[in-house]
Amino acid sequence: MTSSIKRSIIVAIDGYSSSGKSSMARQLAKNIGYRYIDSGAMYRVVTLYAMRHGMIPAQGALDTDALVAALPNIKIDFDVQGDKQFTMLNGENVETLIRSLDVSNNVSEVAAVPQVRHALTAMQQEYGCQRGIVMDGRDIGTTVFPDAEMKVFVNASAETRAKRRLAELVEKGMDADYEEVLANVVHRDHIDETRAESPLRKADDAVCLDNGSMTIEEQNEWLLSLFNKIICAE
Ligand code: DC
């Protein structure tokens, strides 16, 4: 039972990389008829743009000045087609490209740039201005929507998350090895947790979920029942 007669709320789902939060968030949005926004995809799009424009050399540091200057040229959209949602960069469907290990290896550096965060936070807040949205990321409950009515913080061990990421990459036909994926997960956790601007952390009023030993169905049920509990109390 969902809550279409109740007022719309904001659902913020934060957590570590590959914790399964995006799948849970997408399924919840579908179940309750809300819009779903994958904020990580937005950081990935900016990273892909930076890579394509030579701002992330193979050896050397990210060219932050060039990236900040280019921000107005990066238009991010989500193309919704039935059940599926594709991330668009300046009108091009980049959904598959932004999930590559190359983008994953560079995205945390890009996401640590304050001007990038400010620009994407403003876009994310725009999506939520009518409420009725499920958004997942790292700082949704702390910075983007500190007043969200429902906040969840998802975690599982780095090893569990690396296995999940590997399975996803293999399913998409991409080349990857477990040790490399695990190293990427641990590296990204570190950058996400220690950056100065909006570091990854649990909002004080978020509900924690360690989903390491839960099936996907159990996670979806848990999330839906939390939503129903919150909406009934509204
Ligand atoms: O959820 P993801 O793995 O697709 O996110 C990609 C990167 O983007 C991740 O390393 C951290 C960053 N990110 C962020 O800093 N803030 C968000 N709200 C979402 C993602």
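First listed ligand is number 1; within each ligand, the first listed atom is number 1. Just so it is clear, the model here is predicted, and its values are computed rather than measured.
Of the candidates G15, S19, G40, the one placing a heavy atom closest to atom 20 (C) of ligand 1 is G40. Across the listed options H187, R161, M135, R138, R138 owns the non-hydrogen atom lying nearest to atom 13 (N) of ligand 1.
Not a single heavy atom of Q124 sits less than 4.0 Å from an atom of ligand 1. The shortest heavy-atom distance from M42 to ligand 1 is not under 4.0 Å.
Remark: the N90 side chain and the Y49 side chain contain no N/O donor-acceptor pair separated by less than 3.5 Å.
Taking distance alone, with nitrogen or oxygen atoms compared against 3.5 Å, R44 approaches ligand 1 more closely than that limit. Residue contacts with ligand 1: S17 is placed with no nitrogen or oxygen under 3.5 Å of a nitrogen or oxygen of the ligand (distance criterion only). Checked against a 3.5 angstrom limit, the closest N/O atoms of R195 and ligand 1 fall inside it. Between D136 and ligand 1, a contact under 3.5 Å exists for no N or O pair.
Residue K21 has at least one heavy-atom neighbour below 4.0 Å for each of these atoms of ligand 1: 1 (O).
Counting protein heavy atoms only, atom 18 (N) of ligand 1 is closest to D139 OD1, 2.8 Å. Of the protein's heavy atoms, S39 OG, 3.3 Å lies nearest to atom 19 (C) of ligand 1.
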